[in-house]
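Report on one structure; see the data block that follows.
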Amino acid sequence: MCTNIIEQATITGAAKGADGWFRMKTALVSYDHPIHLTDEHALNIDFLESPSGARVAVEMDAASARALAAAITEAIRRAEEADAIVQVA
Amino acid sequence: MAYRTDQQESIVAETVMVTGAGGDQIRAFFARPTTPGPHPGVVLIHHAPGWDDWYKEATVRFARRGYAAICPNLYERLGHGTVEDVQVLVRSAGGVPDAQVVEDVVAAAKYLKAQPDASGKVGLIGSCSGGRHTYLTVCQSNEFTAAVDLWGGGVVMKPEDLNANRPVAPIDMTPNLPCPLLGIFGNDDRSPSPEQVDQHEAALKAAGKQYEFHRYDGAGHGFFYYDRPAYRQEQAVDAWGKVWAFFEKHLA
């Protein structure tokens with residue numbers, strides 16, 4: 001890694017990859033060189049089943065990442081406000 | 001060793017195995033002239049995106065210029081797949097340890113020196129994270145006669161960015177630099193930023209080291225990569241000229 005900016009989040013969820021749906025367990029979030037975008041650096045997220053398993057990759061610029069993070073936070077806030085989130089033990 | 005139309009060319013390029021850090025067998029791309037030696041050597045350190053086509057092509061380019069050139073796969077231990085698959089493995093692992101990289105690169109230099117037609121002089125070049133690894137390695141080894149840092153990010157590090165994989169900021173090793181250094185940078189780069197390049201240059205100056213830095217306007221990070229939008233033709237051609245001249249001067 002050039003910037004060495006990497007964060008990992010443990011995820012319980014599902015994602016649809018090249019071979020269909022899979023259980024995703026990790027989100028690797030990095031700010032580094034993208035593969036597809038033309039930007040020098042980008043916010044990259046790899047949703048992984050495992051490091052060598054199924055994967056969904058997204059790359060976006062920093063402003064888009066902030067907008068996405070804000071949208072996620074807002075959606076969760078509204079769900080909490082509506083008492084719609086049930087915690088599973 | 002600039003190209004002439006009447007030169008007789010003959011090179012071989014292939015994947016070989018090198019005994020790297022910890023005795024591990026790692027792949028390396030080895031391209032060399034088959035014309036009579038002695039041939040100087042060059043080790044290429046690939047960039048963060050990985051052991052990719054650009055680096056294989058650059059390795060061949062050095063061979064056509066008369067160098068025995070080798071580019072070890074620093075991500076060997078993490079597994080194989082497409083370059084982007086391997087990049088995910090690298091991110092999952094949090095990168096590769098500096099100490100391991102240094103040993104792998106030194107092993108590649110020794111591999112070159114063990115060739116029967118080796119001149120005994122070996123240069124080192126790397127870009128992006130490979131530029132940082134170039135500086136790290138050359139400051140901890142006496143195997144190299146000259147080194148080229150192409151926009152190495154993370155030579156200057158904040159204390160809070162140090163970790164088990166990257167325990168020492170390369171700039172702090174400057175007093176140990178044993179050979180001439182060429183640095184190539186784009187002034188629009190943010191990693192390293194022009195301010196970080198200033199800091200690096202000040203450290204070299206303070207330590208009385210032999211170096212030349214060239215900084216290009218209108219260029220950012222990775223401006224040699226002809227397969228990326230960052231490519232800057234005019235600046236890249238000029239800077240490649242400086243790389244060839246530097247190695248010819250110090251490795252011939």
Side-chain angles (χ1 to χ4, degrees), chain A residues 1-69 72, chain B residues 46-50 52 74-75 78-96 98 126-133 150-155 157-158 160-163 165-166 169 186 188-193 219-223 225 227-232:
Chain A
M1 301 299 99
C2 188
T3 64
N4 214 44
I5 299 170
I6 309 167
E7 298 289 335
Q8 287 201 35
T10 300
I11 300 284
T12 301
K16 193 172 185 181
D19 298 320
W21 286 93
F22 64 90
R23 283 281 187 190
M24 61 175 179
K25 296 177 179 169
T26 306
L28 264 183
V29 183
S30 62
Y31 191 78
D32 216 315
H33 302 306
I35 301 269
H36 190 76
L37 270 189
T38 56
D39 305 52
E40 186 178 298
H41 293 99
L43 190 289
N44 313 300
I45 309 175
D46 291 294
F47 295 105
L48 306 175
E49 181 181 46
S50 66
S52 56
R55 173 168 68 104
V56 168
V58 296
E59 300 174 337
M60 66 196 84
D61 63 24
S64 303
R66 284 195 194 95
L68 175 62
I72 292 171
Chain B
H46 65 73
H47 52 177
D52 64 2
L74 303 178
Y75 299 161
L78 295 165
H80 293 279
T82 65
V83 171
E84 62 180 84
D85 288 342
V86 173
Q87 195 172 9
V88 171
L89 298 173
V90 176
R91 284 176 180 163
S92 295
V96 286
D98 282 348
S127 62
C128 180
S129 62
R132 177 179 178 276
H133 288 146
L150 303 174
W151 54 90
V155 169
M157 296 174 71
K158 295 177 195 158
E160 58 267 33
D161 291 335
L162 300 174
N163 55 42
N165 275 354
R166 303 169 19 133
D188 296 336
D189 201 340
R190 298 311 304 157
S191 180
S193 65
H221 194 82
F223 66 93
Y225 305 147
D227 55 345
R228 300 285 302 174
Y231 183 60
R232 294 292 178 271

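Every chain is numbered from 1, with letters handed out A, B, ... down the list of sequences. Heavy atoms only: backbone and side chains are in, while hydrogens, waters and symmetry mates are out.
Between B:His221 and A:His41, the ring planes are tilted. Angles from 30° to 60° get that label.
Here the closest non-hydrogen pair linking B:Gly94 and B:Asn165 is O-ND2, 3.3 Å.
Here the CD1 atom belonging to A:Ile45 is positioned 13.0 Å from the OH atom belonging to A:Tyr31, to the nearest 0.5 angstrom.
Side chain of A:Glu59 to main chain of A:His36: a donor-acceptor pair is present (N/O by atom type, distance under 3.5 Å, no hydrogens or angles).
Of the atoms belonging to A:Asn44, it is side-chain heavy atoms, and not backbone ones, that fall under 4.5 Å from chain B. For A:Leu28, the part lying under 4.5 angstrom from a heavy atom of chain B is the side chain only. For chain A, the nearby part of B:Asn163 is the side chain; its heavy atoms alone come within less than 4.5 Å. When heavy atoms are compared at a cutoff of 4.5 Å, B:Arg228 approaches chain A solely by way of its side chain, counted from C-beta outward.
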